[in-house]
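Take a look at the structure set out below.
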Amino acid sequence: MHRARTFRVAGGPRAMTRCFALQFLVGLALSFVASPLRAERKSDANYHLFPRDLIRVAVFGEPDMSVERRIDGDGSVTLPLIGPVLVQNLTVSEAENRIKGLYLARQYFVHPQVTVSVVDYSAKEVSVVGQVKNPGTVALPMEADSLPVVDVISRVGGFTRIGRSDSVRVTRTAEDGTRQTFTVDVKDMLDGRGRVAPFLVHPGDVIFVPETIF
């Protein structure tokens, strides 16, 4: 005849209460750890891909399709089965949809679940020359693809006494090699009157601050 055994938690009801409380706190802590990861994935979806970014491309359930590739200077990345895919200036989410569309169009998969993530961000810089206190290059934050011109000017120490802050010129080279020049009224932005919308500079831009003519 077998006797039923009763197991008790040492210390009685109080110890059992402490045990449940500990389990609750551990679960709560894990939820806080997971939350930033979900938030980071969401923000990455809006990041615009840039040449020299290292990305990971995966197709759910297809381990042979998972690769890490650095985006070439022409903005493309070469993937299994579909070859070169232009992803420069696409957001991570847009790149996922483009790759998924190519796999569908070529009938390699029926319902591919494609994920793209950035493993390593490329170095991104803008150049500042002319009448600023510390001319040179300014590195953008690794995860950013643009920066307000006001922030860039502040990072080089601001304007010199003779710098013409209302006629700052920003030169940008397009993908086809053509150049655009924008004249930006940074002085109005610094005044904070809201008459001029913030102007964003992008990697490779050259900012020139001319001299005030008295």
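We use all heavy atoms of the structure for the numbers below, so side chains are in, but hydrogens, waters and symmetry mates are not.
- A donor-acceptor contact shorter than 3.5 Å links the side chain of T212 to the backbone of I162.
- Counting only heavy atoms from C-beta outward, the side chains of I153 and I207 approach each other to under 4.5 Å.
- Using a 4.5 Å heavy-atom threshold, the side chains of T173 and T178 count as separate.
- No side-chain heavy atom of V170 sits under 4.5 Å from any side-chain heavy atom of T181.
- The backbone N or O of D145 sits less than 3.5 Å from a side-chain atom of H202, completing a donor-acceptor pair.
- Taking the six-membered ring for Trp and the full ring otherwise, Y121 and Y47 have centroids separated by under 6.0 Å.
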- Task: For V186 and D166, run side chain to side chain contact (heavy atoms under 4.5 Å, CB included): C-alpha distance rounded to whole Å, both residues' side-chain angles, the deciding distance at 0.1 Å, then the answer.
- Result: CA-CA 5 Å; V186 178; D166 62 348; over 6 Å; no

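- Residues meeting the side chain to side chain donor-acceptor pair (under 3.5 Å) test with E68, sequence neighbours left out: R56.
- Side-chain atoms of P203 and F50, non-hydrogen and from C-beta on, do get closer than 4.5 Å to each other.
- Counting only heavy atoms from C-beta outward, the side chains of V149 and L200 never approach each other to under 4.5 Å.
- Residues F182 and R169 fail the side-chain proximity criterion, which asks for heavy atoms closer than 4.5 Å.
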Solution key, residues 125-140 side-chain donor-acceptor pairs under 3.5 Å, sequence neighbours excluded:
{"from": "Q131", "atom 1": "OE1", "to": "T160", "atom 2": "OG1", "distance (Å)": "2.9"}
{"from": "N134", "atom 1": "ND2", "to": "V156", "atom 2": "O", "distance (Å)": "3.4"}

- Message: Please evaluate residues L190 and V150 with respect to the criterion side chain to side chain contact (heavy atoms under 4.5 Å, CB included), reporting the C-alpha separation (whole Å), side-chain torsions for both, the decisive distance (0.1 Å), and the verdict.
- Response: CA-CA 7 Å; L190 291 171; V150 171; 3.5 Å; yes

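- Heavy-atom neighbours of R164 CZ from other residues, nucleotides or ligands within 6.0 Å: at or below the threshold of 12.
- At least one side-chain heavy atom of V57 sits less than 4.5 Å from a side-chain heavy atom of I55.
- Residues in residues 56-98 take part in no ring pair (Phe, Tyr, Trp, His ring centres under 6.0 Å) pair, two or more places apart or across chains.
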- Item | Test side chain to side chain contact (heavy atoms under 4.5 Å, CB included) applied to V67 and L79, step by step | CA-CA 8 Å; V67 294; L79 300 176; 3.9 Å; yes

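- The closest side-chain heavy-atom distance from T183 to V168 is not below 4.5 Å.
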- Item | Steps toward side chain to side chain contact (heavy atoms under 4.5 Å, CB included) verdict (R98, L86) | CA-CA 9 Å; R98 174 168 293 184; L86 185 64; 3.9 Å; yes

Side-chain polar contacts of residues 99-111 - donor-acceptor pairs under 3.5 angstrom, sequence neighbours left out - could you list them?
{"from": "Y103", "atom 1": "OH", "to": "P80", "atom 2": "O", "distance (Å)": "3.1"}
{"from": "R106", "atom 1": "NH1", "to": "I82", "atom 2": "O", "distance (Å)": "2.9"}
{"from": "Y108", "atom 1": "OH", "to": "L81", "atom 2": "O", "distance (Å)": "3.4"}

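- Using modelled atom types, one side-chain atom of R69 and one backbone atom of T78 make a donor-acceptor pair closer than 3.5 Å.
- Note on R155 versus D151: no salt bridge recorded, every NZ/NE/NH1/NH2 to OD/OE distance being 4.0 Å or above.
- Cluster annotation: V118 is connected to V114 through the hydrophobic network of ILVMFWY side chains, with a link wherever side-chain heavy atoms come within less than 4.5 Å.
- Heavy-atom minimum distance, H48 versus N89: CD2-O, 3.0 Å.
- Here the OG atom belonging to S165 is positioned 9.5 Å from the CG atom belonging to D188, to the nearest 0.5 angstrom.
- Both F199 and F159 sit in one connected hydrophobic cluster of ILVMFWY residues. Membership requires side-chain heavy atoms under 4.5 Å apart, directly or through other members.
- Here V119 sits in one hydrophobic cluster together with L54; the rule is ILVMFWY side chains under 4.5 Å apart, joined directly or through other members.
- Here the side chain of D53 pairs a donor or acceptor atom with the backbone of S122 at under 3.5 angstrom.
- With 3.5 Å as the limit, one finds no donor-acceptor pair spanning the side chains of N46 and T91.
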Check residues 70-77 and write down every donor-acceptor pair under 3.5 Å in which the side-chain atom is one partner and the other belongs to a residue at least two apart or another chain.
{"from": "R70", "atom 1": "NH1", "to": "R52", "atom 2": "O", "distance (Å)": "2.5"}
{"from": "D74", "atom 1": "OD1", "to": "S76", "atom 2": "N", "distance (Å)": "3.1"}
{"from": "D74", "atom 1": "OD1", "to": "S76", "atom 2": "OG", "distance (Å)": "2.8"}
{"from": "D74", "atom 1": "OD2", "to": "S76", "atom 2": "OG", "distance (Å)": "3.4"}

